[in-house]
Every structure is written in structure tokens, then in C-alpha cells.
*Asks:* 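Here it is: the structure, laid out below.
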Amino acid sequence: MPAPDKTVSLLRPHRRGTGPWSVLCLAAACALLTCGCWGSLDIEERAIVTMVGIDRGEKGVKVSLEVAINEKMAKEGGDGGGGGGEEAFVVVHEDEASTAEAIHRLQDKVSMPMYLGHLKVVVFGEEFARESGIMEPLAALTRHPEIRGQVWIAVARGTAEDLMHHRIKAERLPAAYLERLLNTGKRFGHTADSRLSAVSSKLDLPGYHPLLPILKADEGSVEIENAAVFFNDRLVGELEHDEMHDFALVEGVHTAGTYSIPSPRGRGKLYVLLRGARKKVSVTQDGDRVTISLKIRADGNVVEDSGDAPRATAGTETAGKVVKALERQLNDEISHHVEDLIKKVQTQYGADIFGFSRHAGRLKFEEKKWDAVFPTADVHVEVNVMLRKFGLGEV
């Protein structure tokens, strides 16, 4: 006699209370549980905040918000004196004692509930970053339940308010353009990782100080100009745009800029793009002396040779020797650049923007903190770049 079938069918009742109607009720309950919140608002019922600007104000802090105009706001003629549907955004301002209070009061200037879940960029005015510090506004923004850690943080040349009112050619929403600009800048080593999560982490680590991009408004455009060096949460100096290539190498950014050395063909320069940078850092202590050892490895692609004289010799063996000689010249050049950058930051700002403090956690400095040790630490830099590609020609 065959064994009874123990398979339970959802459509065939096998005991009381589990028939088809029970299954249908269970499915309906699941559908209700997976739907959105009953009290949620449609996107057209929200005022989407895309950029926040922070400047010094008479009461303490002046907060500016860029609010994207949706279809309903356009029909209403825009909020805060907007463009009656002709503009894609409006900028509203509030001067209060704190950032959180200013944002709360700004709701009175926007006809729909503000939503910061799509916030893209936070910009600090230059004076505010130098005099007041960025800690209080960042703390308020970090606590806001709608704001994501991927929001970009930057410093405006001048005031944040002026930058936010600046119109960019062929761009309806400046915040979207700045988000792309900063993301691309990080990818190509033109700026450090300045997203909210990264900046907050650096401010939380003793002896690790942020580096933020400086945005400069030009006629019809905005560009990354320099980089703002912070000691804790206050702006104390700048790095030139070219120095960011050296910083990118120390950071281990995949694409870290272009360097030049004399061309082997004669007059002119050989330009090499560095890719795939890797670093190794060690911090040692011998008595009162602290030494930072930095080893950098990268691949080099020759992107241009402006030499105008032919080679004197040819052959595989000679070409190999030329490549080795070029690599030695390139490594010496890059080592000097990186050492000069670190020395500048040590002597002028005393701020470890490189994160060397993370490699010194197990060392004992008695009563000294890393901020006191870093400016006088010895730094040894070793660079090993291997030339991999030479374009369509020969070296």
C-alpha cells in the first residue's frame, strides 16, 4: 500500500482554518504590510532641498537653501520670490543662532514640507570656515534623519550665498552640476573625498584633519580651484591645484595626475600619467624622534613626448636602458614633490591631512599628542613608478 502523501497544498484544506479563504486573507494582509506608509507624501507635494549654504550671519549663522521647483511650485509662481516657473530652483535664506534653528525657520518661507533626502552639496563660506568652524553645522546635518552620508562638502571662494545664486550655463540645477564636478574631481585626484561621512570620520579621529575642495564661481561656470586645509574644524590654509596630484598619490587614488621629466629625444618634456597608486605607511619612534616612512607604487602611462630631436641610438637593449633611466628620473621628481608637500603642511599648518596618525596608534608619545608630534616628525618617501604604456610611439 503506497505511503500517504504528506505534501500540503495551499489550495486544498488539510485542517480547519487553513483553506483557500485563509490563504487569500494572508496574501491580502501581506500586500497591505508591504505597501508604503499611509501618511507619506507624493514627491510633488514636497519641496526638494538640493544644496545648503552656510555663512556668517548677524545672529550667528546664515543658512541658504537651494530648493528645486517642481510642477506644483511652478504653478504657484515659485516659493521665496522664485522665478514663476522660469527657473528650476529658488534660494531662500535665514539668519539664526544655530544651523538647526535656521533650517527649521526656513520652512516658513517654503509652501510645502521641505525634504532633505535628495540633498547633494553643502557649501561653507570662506569666512565662516575660517572664523566659526564647520563642526556645529556638520553635527546638525549629520543628526538630520533625512540627510545621507554621500552629500558632498565644499568651501566657496567668498560666500556660499553668492555661489548659490550663481547661474551655470546649460545647467538648470547648480547642485546637480556641483555633485558631478566633485565626484569627477575625486575620481581623477583633483580633490580629496569630501563626502559628509568621510569628513565626519576624520573629525572624529584624533590627529586627522579634513581637506575640502574650494569652489570658485566664474562667468557662467563653477570650478574646483584649490583645496582648503583644516586644523580640526577651522580653515587654516590652502593647497594649490597642482599640489593635489601629490596628495592623491599619498592617498592612493587610482588616477593621480601628470608629471613631466626631460624627454629622451632632446629638447622638450615627457609627460607621464600615474595610475593605480598604492601606498604603504609605517610610523616608528626612537626616543624623541618619530619617523614616517611612506612607500608609493604606481604605473605610468606616457601621454605626450614634446621632444623634437631624434634618438641617437636604437635597439631593444638601448630602449630598455632608456626606460630604466626615465623611471629613475621620474621617481626622483615625484619623491621631491611629495616630500615638499608634506613638509609644507607640517611647517605651515601642522595638520595631518594625510591620515598618518592612523598608523601611530600603538606608539607611546608620553604626554604628547599626535598634533604636537606631526610637525617635527621625519618623513622618508620612496616612490617606485613603472612605465607601462607609451602611446602609439616608442621611447
Side-chain angles (χ1 to χ4, degrees), residues 154 180-194 211-216 218 221-229 238-281 294-311 319-345 353-355 379 381-395:
R180 297 195 306 271
L181 178 71
L182 294 170
N183 188 54
T184 304
K186 174 183 173 295
R187 176 184 176 187
F188 288 96
H190 297 164
T191 182
D193 186 355
S194 64
L211 184 71
L212 302 183
I214 298 177
L215 301 177
K216 178 184 177 182
D218 202 352
S221 68
V222 175
E223 63 181 25
I224 299 174
E225 187 184 28
N226 290 342
V229 178
E238 298 183 16
L239 298 186
E240 300 293 332
H241 193 277
D242 290 342
E243 292 175 321
M244 285 305 300
H245 296 321
D246 309 316
F247 178 83
L249 273 179
V250 180
E251 284 283 280
V253 175
H254 184 265
T255 303
T258 302
Y259 291 83
S260 64
I261 54 176
S263 172
R265 299 181 183 275
R267 294 187 301 273
K269 294 284 188 178
L270 193 73
Y271 295 89
V272 180
L273 176 66
L274 300 189
R275 302 179 65 86
R278 291 88 66 194
K279 67 173 181 179
K280 182 178 181 181
V281 180
L294 172 64
K295 294 183 179 180
I296 298 173
R297 302 288 183 270
D299 297 330
N301 298 345
V302 177
V303 294
E304 183 179 349
D305 183 359
S306 62
D308 57 0
R311 290 179 301 169
K321 291 182 179 179
V322 170
V323 170
K324 292 298 182 184
L326 292 176
E327 288 176 344
R328 286 194 296 269
Q329 290 181 358
L330 186 61
N331 291 331
D332 289 342
E333 180 76 9
I334 297 173
S335 296
H336 291 316
H337 276 272
V338 174
E339 288 173 354
D340 289 345
L341 172 64
I342 297 175
K343 181 61 67 176
K344 172 184 175 178
V345 175
I353 58 175
F354 309 100
V379 179
V381 178
E382 178 186 322
V383 177
N384 183 11
V385 173
M386 304 289 289
L387 293 177
R388 302 295 187 185
K389 296 181 180 180
F390 303 94
L392 298 177
E394 302 178 31
V395 176

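Note that the structure is a prediction, hence the values are computed from the model and not measured.
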*Asks:* Closer than 3.5 angstrom, by distance alone: can the side chain of K186 be matched with the main-chain N or O of D193 as a donor-acceptor pair?
*Replies:* no
*Asks:* Stepwise, does the side-chain contact (heavy atoms from CB on, under 4.5 Å) test hold for V345 with F354?
*Replies:* CA-CA 10 Å; V345 175; F354 309 100; 4.0 Å; yes
*Asks:* Hey, what do you get for CD (E238) to CD (E243), rounding to the nearest 0.5 Å?
*Replies:* 10.5 Å
*Asks:* For the OG atom of S263 and the CG atom of D305, what is their distance to the nearest 0.5 Å?
*Replies:* 3.5 Å
*Asks:* Return the set of residues passing side chain to side chain contact (heavy atoms under 4.5 Å, CB included) with A298 (not counting sequence neighbours), or none when no residue passes.
*Replies:* A277, V385
*Asks:* Looking at every non-hydrogen atom in both residues, tell me the closest pair between N226 and H241 and how far apart they are.
*Replies:* OD1-N, 3.3 Å
*Asks:* Looking at CG of D242 and CZ of F247, how far apart are the two atoms once the value is rounded to the nearest 0.5 Å?
*Replies:* 15.5 Å
*Asks:* If you compare all heavy atoms of E333 against all heavy atoms of S260, which two are closest, and at what distance to 0.1 Å?
*Replies:* CG-O, 4.0 Å
*Asks:* Using only atom types and a distance under 3.5 Å, with no angle test, would you say the side chain of E327 pairs donor to acceptor with the backbone of L387?
*Replies:* yes
*Asks:* Quick one, V229 with L211, criterion side-chain contact (heavy atoms from CB on, under 4.5 Å). Give me CA distance, side-chain angles, the key distance, then yes/no.
*Replies:* CA-CA 5 Å; V229 178; L211 184 71; 3.7 Å; yes
*Asks:* Donor-acceptor pair, distance only, cut-off 3.5 Å: does the side chain of R278 make one with the backbone of G276?
*Replies:* yes
*Asks:* More than 12 heavy atoms of other residues, nucleotides or ligands under 6.0 Å from CZ of R187: is that the case?
*Replies:* no
*Asks:* When rounded to the nearest 0.5 angstrom, what is the spacing between CG in L341 and CG in L239?
*Replies:* 6.0 Å
*Asks:* Could you pull out the closest heavy-atom pair between S335 and V383, with the gap in Å?
*Replies:* OG-CG2, 3.3 Å
*Asks:* Counting only heavy atoms not in K216, do more than 12 fall under 6.0 Å of its NZ?
*Replies:* no
*Asks:* With a 4.5 Å limit on heavy-atom distance, are the side chains of I296 and N384 in contact?
*Replies:* no
*Asks:* Pair Q329, L326 - check side-chain contact (heavy atoms from CB on, under 4.5 Å), show working.
*Replies:* CA-CA 5 Å; Q329 290 181 358; L326 292 176; 4.2 Å; yes
*Asks:* Determine the minimum heavy-atom distance between G300 and V272, stating which atoms define it.
*Replies:* CA-CG1, 3.7 Å
*Asks:* With the side chain counted from C-beta on, respond yes when D299 and L274 share a heavy-atom pair under 4.5 Å apart, and no when they do not.
*Replies:* no
*Asks:* Which atom names give the shortest non-hydrogen contact between L215 and A154, and what distance separates them?
*Replies:* CD1-CB, 3.8 Å
*Asks:* To the nearest 0.5 Å, what is the distance between CD (E339) and CG (L294)?
*Replies:* 9.5 Å
*Asks:* Could you pull out the closest heavy-atom pair between R275 and N301, with the gap in Å?
*Replies:* CD-ND2, 3.2 Å
*Asks:* Evaluate the criterion side-chain contact (heavy atoms from CB on, under 4.5 Å) for residue pair H245 and E240; output intermediate values, then yes/no.
*Replies:* CA-CA 10 Å; H245 296 321; E240 300 293 332; over 6 Å; no
*Asks:* Rounded to the nearest 0.5 Å, what's the gap from CD on E251 to OG1 on T191? Could you check?
*Replies:* 10.0 Å
